[in-house]
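These numbers come from the heavy atoms of this one structure, side chains and all, not from hydrogens, waters or symmetry mates.
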2 protein chains.
Amino acid sequence: MTRPISPAAGQPKGRRPLGSLIWAGLSLMLLTGALATRSAGADTHTDDGYRLWLRYVPVQGEWLERYRRSVSELIAANARGPAARAPAALSPTLRVAQAELVRGLTGLLGTTPPLAPDVTRDGAIVFGTPASSALVRRLPLALSRVGDEGYIIRSVAIAGHRATVIAGNTDIGVLYGAFRFLRLMQTRAPLEHLDIASSPRIRRRVLDHWDNLDGTVERGYAGDSLWKWDSLPEHLSPRYADYARACASIGINGAVLNNVNASPFILTPLYLRKVAALAGVFRPYGIRVYLSVPFSAPVTLGKLSSADPLDPKVRAWWAAKVAQIYRDIPDFGGFLMKANSEGQPGPEDYGRTQAQGADMLAQALAAHGGILMWRAFVYSTGAHSEDRARQAYDTFKPLDGRFADNVLVQVKNGPIDFQPREPFHPLFGAMPHTNLMLELEVTKEYLGQQTSFVYLGPLFEEVLRADTWARGAGSTVARVIDGSLYGERLTAIAGVANIGSDRNWCGSIFNQANWYVFGRMAWNPDLSARAIAAEWVKMTFTSDPRFVQPVVRLMMGSREAAVDYMTPLGLASQMAAGTHFGPGPWVAPGKGMPPDWSSTYYSRADAAGIGFDRTASGSDAVAQYSPHVAAEFSHLATCPEDLLLWFHHLPWDYRLRSGRTLWESLVLHYDRGVAWVQQARGTWRGLSRYVDPERYRLTADFLAIQQKDAQWWRDASIAYFQSISHRPLPAGVAPPPDTLAHYEAFCIPYVEGSPGAGPACPPADVSVPR
Amino acid sequence: MTRPISPAAGQPKGRRPLGSLIWAGLSLMLLTGALATRSAGADTHTDDGYRLWLRYVPVQGEWLERYRRSVSELIAANARGPAARAPAALSPTLRVAQAELVRGLTGLLGTTPPLAPDVTRDGAIVFGTPASSALVRRLPLALSRVGDEGYIIRSVAIAGHRATVIAGNTDIGVLYGAFRFLRLMQTRAPLEHLDIASSPRIRRRVLDHWDNLDGTVERGYAGDSLWKWDSLPEHLSPRYADYARACASIGINGAVLNNVNASPFILTPLYLRKVAALAGVFRPYGIRVYLSVPFSAPVTLGKLSSADPLDPKVRAWWAAKVAQIYRDIPDFGGFLMKANSEGQPGPEDYGRTQAQGADMLAQALAAHGGILMWRAFVYSTGAHSEDRARQAYDTFKPLDGRFADNVLVQVKNGPIDFQPREPFHPLFGAMPHTNLMLELEVTKEYLGQQTSFVYLGPLFEEVLRADTWARGAGSTVARVIDGSLYGERLTAIAGVANIGSDRNWCGSIFNQANWYVFGRMAWNPDLSARAIAAEWVKMTFTSDPRFVQPVVRLMMGSREAAVDYMTPLGLASQMAAGTHFGPGPWVAPGKGMPPDWSSTYYSRADAAGIGFDRTASGSDAVAQYSPHVAAEFSHLATCPEDLLLWFHHLPWDYRLRSGRTLWESLVLHYDRGVAWVQQARGTWRGLSRYVDPERYRLTADFLAIQQKDAQWWRDASIAYFQSISHRPLPAGVAPPPDTLAHYEAFCIPYVEGSPGAGPACPPADVSVPR
């Protein structure tokens, strides 16, 4: 199809003349807000997705009446307070909060609420801190219980009028409360009788950007880096603030700006000026910047002869570098370190432990209040090849208690590498004397990347709710990382960001939901994936239940569908080498392919059966879990079937609980995954009237791509495994239309997110699989 | 500075509800057009630059009255014609033309002109071809003189009413005419008594995209590739049509989709499906797709043992591949080839000439009407190092007359590589029996890249007007490439595109002018850079002369300023290695740096003097020009001073016409360049009230960056050359604030546009030059 004219070009945006270049501040907010209202209508405007879940489209009908009664005027955050001056005297964060309320309420209600110095009528919205607002100070809110980032939203009476107060102990708490209040309206929650108190369960809620300084993004599927290094620090793209605003709206309070495979250049004066400029943009939104650094920087950058963490010259170099950073960025967050992993340098190069390496940096950072996030994702490619799943535990468990208070050991959700399904990482619960943080991958490296519709909420929920049994039942991963199990004071969670320069930020509309759910679960790991999906759908599209219900159902089923057509029953790492896109179950060690990067290493498929024996008869990785969990995984009777082949090598004719053989079940899982995508396409087609054309089309086209990819996964996997199992297909199952040789010859050479790596395969003049 | 709220996010766009997902077609055009009008006002709306020069903001005041009298109704392109059916029966191109007129007129006039089947009042706009419209057919327009891409716009009387007709022999001519008509209004030209006939002087007006299949763009400074290969062919981003529309508006009719350093994967079925999808989007806009192909494809892709152009198997492979392409893309344009250059394979690998290599591909393409663009930019890195400027001529001149009719030899404007200033390429005029096309670089690889304000119109004009004297005075490069000098029927011009995924397409607003001027000069190489600048400014910003005049003056001076602070007096290739950004006059051969990639090879600065002797006493490259030109360049008395050091090695104390020594002049040129940038910043600051805040800010910030860069260029260059000249600075000239060692140690490791190359220098912990 072609579009004779694209509606994205050529139209003036909905703005009124400003007559001046000074465009920040309240007056603009009012103007643009008013216009937004005037030119807005239903939820089906053409939309390029830029606004994410902060669309603030007008409320209609009965809800509009209700909300107008609850929101009639906005009381300045410095109302009658000791600092009662012009709004410009507000702190940058309170200014942001006020602007967001004006923008949001104007959009939602269709009129700009007047900004008043005091409550004059029913429906007043009062916001601020006890320090900024005398009105807030006078209310008995018991704010101390929500800590230094939390907020309270409560229906109160002030001067005989109904009012709603949005209060925090700190300015950032107020901003979080403002976003929450707007979310209530975006999701059509009642505003009467509010009594909400909320504070984050985890202190550091961080996005890890794997952005390279050359503008590419490792495993990024949404264009290139948001950070335009070339024009920083002089030019501050409006996107920087928009990014920070979106993050703050879901409670994210940190950003690691650069790839864990770090360039030493990030620590040069040239780049630190740029980092400081970004930190300045993010500061009002409560977001600290962090940096990934290479362990070898004292050598490559400092021209020292060694990076040995016990060498005083090395320690002095780091101390000076950290001090230099804090001079320009007083609230700098700290470092993220990937050491001795996948070729990166590290303390083991000098015969030192990971803890000794961490200690050097931790000391340098502690002097300024900085923290160190030290990744447990440690392995030497090709070494320890008997079971890579063991390596992080084997390396770190003996070091428990050896890390400083300002260090967090950052542990991926599973023991391998962000697969569609893994069991939880055995380090969780196993290091009671160490701050452990969780690393999730928000970018869908192994889950269909840009185009596939995969909502990660269920995956995140699965790991957060996984019970380590470290202190008996209920010792969930969530309780390990929020500090409630072992009492750590420094707690953190990281998500590898899926954000890039694409207009819609994440490459697809539904990928935005993964950014959203990461932030929401980081704030409260007990929230359900389903509830978060519902609120995201309402904010991003419409509150119409005829749309919300089927779409939430799609979202909730989407990850299991991807597991089904990619790596069912506990399989893992069956993707094409390099790109991690598309099937590559035949990828075998040799010719530069280390065993633990190959697919056959993980599937262990042979004439006898399939699966990786990690029980006592195999690698015994299962022994890394607490005894209760180890027993559950070890025994076939109790091992969850969706992790079966992760822990067990089983005969092709092994009977699953369904009565079907393993081989039959495997095939049926692939088919089920494909069928899900086909059904999803139909569901989405039926919902077109609730969605604007641009976002409808993008999603529909991407589902078409996903169906093709799912079919390819299914056909190639069945063709490959059948060549090993030599079993017939179950009755009624269609054979793959191409030969195994054809699937092996076909390859996608380039995908976004593998910058500079060159093509993943030699060119082959073969047709696209049917 | 931080912006508490960025206005780019959170506002609904100015659209009305559609109530349906079917959004192409006229009704939407009318709706969005109407709304665009309603929400538009002055020219100072916040604008992210996406709309380029096709903004169609409302005309104000007296012009509005005038234009409304001239434009009262639009007569359908199939008015009373034999094909008079519903608008849907129009050809895709006429539909695009009609939609553009509706969109443009609605925006400009503030009301949507009614679409009528026949002329009913004064001010009718009639458009179409004789085939589509009976009204057009009946008018005595003498259309034959405008050929198959031209148009006529004329004020006529129809049925007793004043009318304006926009007519072409072909649908694409009508589309070009429609854009021209709208441009008249955008630039405030009278619409009364129109009698315009225009047709392109050059047949193939092509943008070369150096886009890699991994999404990066070589020498691209505007984000990554526009082509989202991962989601093609299923998803057609709205940007594809917007790109085509912008190209068509300036007459560009071809696009080479991929980098001349070509990947063989582009020829696989996987990618050809994607290419076909793009071709389908571009087709209604008159744009053909072309591909860059690697000479070695028969080996790498076809698994043949050789790519020898005389090998029948190789010829058969190419013939089959070309046939495969034409099956899916019947109007495929042809190939672009970079052979035996910078490590690329080519016919010389098999002992064949460039002509023999070209002939093989030309034959394969000729069978389907395709053409071959064969680059003359041929050199082996490090070989022929006595003077690289000689190599293309030495290679190609002997082959004159040996290229098939459907081959164009594509020659860069100068003999080296897109430097800020080069003399015209000696091949122009020297191959009377060969189709020569001109290759310009629209992306500013050597001219400050994304951030510097450099309008390339004067550079393009300089080469087009350069007189080769091949057939006596007046044998300009323009007349070589438009075929009027030697009578070629196949003519072409290429521009290396500066277009990427950045929201504003080109990385900066003023870079958009370079895309624009390329298209306009490709249509008519006699247009002046100044006139084109003026029309671009009016369309892109405002027609207010208080803005237009100073900005055109800035644009016209900008390229010479860059020459001044980078490479004055005929210097060239003094940029940092690899990135080509920032000064690197000290870059010397050795350590993997081939002589002809070094700076000292080109400056030849030594204690005695500076400059490259290309006269008979040196490399004698000057003898490659026609005798008249060679004499002019050879003699110091006639050699233009701005090319002095290109052709001559001169003592530091050589006196220029000004009476100053060469050394003094060199220093003063650097200073003049810096001063220009400083003045430009002041000029721009004074114009803020005419520009929306977003585009104002971007340009102001980029000028700040440019001033810093210009100063760096000036300081580093003076520090370096003074270390060789050992001359004092002229009186009153400030010495560089840092030492030469400091400048040599400082380096920008990464810039956009050098994908996968790794850092351009080792990390150095030195401060940014002052």
Side-chain angles (χ1 to χ4, degrees), chain A residues 2-6 8-15 17 21 23-24 32 36 39-42 44-46 51 54 95-96 99 103 213-215 223-224 230-231 234-235 238 241-242 264-265 268-270 280-281 300-301 451 501 688 693 696 701 704-705 749-752 756 763 765 767-768, chain B residues 2-6 8-15 17 21 23-24 32 36 39-42 44-46 51 54 95-96 99 103 213-215 223-224 230-231 234-235 238 241-242 264-265 269-270 280-281 300-301 450-451 501 688 693 696 701 704-705 749-752 756 763 765 767-768:
Chain A
T2 62
R3 296 183 177 114
I5 290 285
S6 155
Q11 277 95 28
K13 288 205 235 161
R15 297 281 165 74
L21 84 99
W23 51 302
T32 54
S39 62
T44 49
H45 299 177
T46 285
R51 292 174 297 159
L54 300 172
R95 254 187 290 149
V96 163
R103 178 206 298 249
L213 300 188
D214 67 359
D224 46 21
D230 291 347
S231 55
E234 288 84 358
H235 183 63
D242 287 338
F265 287 97
T268 62
L270 176 66
V281 177
T300 53
L301 188 58
T451 47
S501 64
S688 63
Y696 172 80
D701 290 347
I705 292 172
Y750 304 99
V751 297
E752 272 198 280
D765 209 3
S767 61
V768 178
Chain B
T2 62
R3 297 187 177 111
I5 288 285
S6 155
Q11 277 95 26
K13 288 205 233 160
R15 297 282 164 73
L21 84 97
W23 51 304
T32 54
S39 63
T44 49
H45 298 177
T46 285
R51 291 173 297 159
L54 300 172
R95 254 187 291 150
V96 163
R103 178 205 299 247
L213 301 188
D214 67 358
D224 46 21
D230 291 347
S231 54
E234 287 84 357
H235 183 63
D242 287 338
F265 287 97
L270 176 66
V281 177
T300 53
L301 187 59
Q450 182 190 35
T451 48
S501 63
S688 63
Y696 172 80
D701 291 348
I705 293 172
Y750 305 98
V751 297
E752 270 197 281
D765 208 2
S767 61
V768 179

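- Most heavy-atom pairs under 4.5 Å with chain B, from the set A:S767, A:P749, A:P264: that is A:P749.
- Residues B:L270 and A:V768 approach most closely at CA-CG2, 3.8 Å, considering heavy atoms.
- Highest contact tally toward chain A, considering only B:D224, B:L213, B:D214, is held by B:D224 [criterion: heavy-atom pairs under 4.5 Å].
- Highest contact tally toward chain A, considering only B:P269, B:G215, B:A704, B:P763, is held by B:P763 [criterion: heavy-atom pairs under 4.5 Å].
- Minimum heavy-atom separation, A:T268 to B:D765: CA-OD1, 4.0 Å.
- Between the side chain of A:D230 and the backbone N or O of B:Q450 there is no donor-acceptor pair closer than 3.5 Å.
- Residue contact with chain B, scored on non-hydrogen atoms closer than 4.5 Å, involves the backbone and the side chain of A:S231 alike.
- Between atom OG1 of residue A:T451 and atom CD of residue B:E234 there is a gap of 8.5 Å, rounded to the nearest 0.5 Å.
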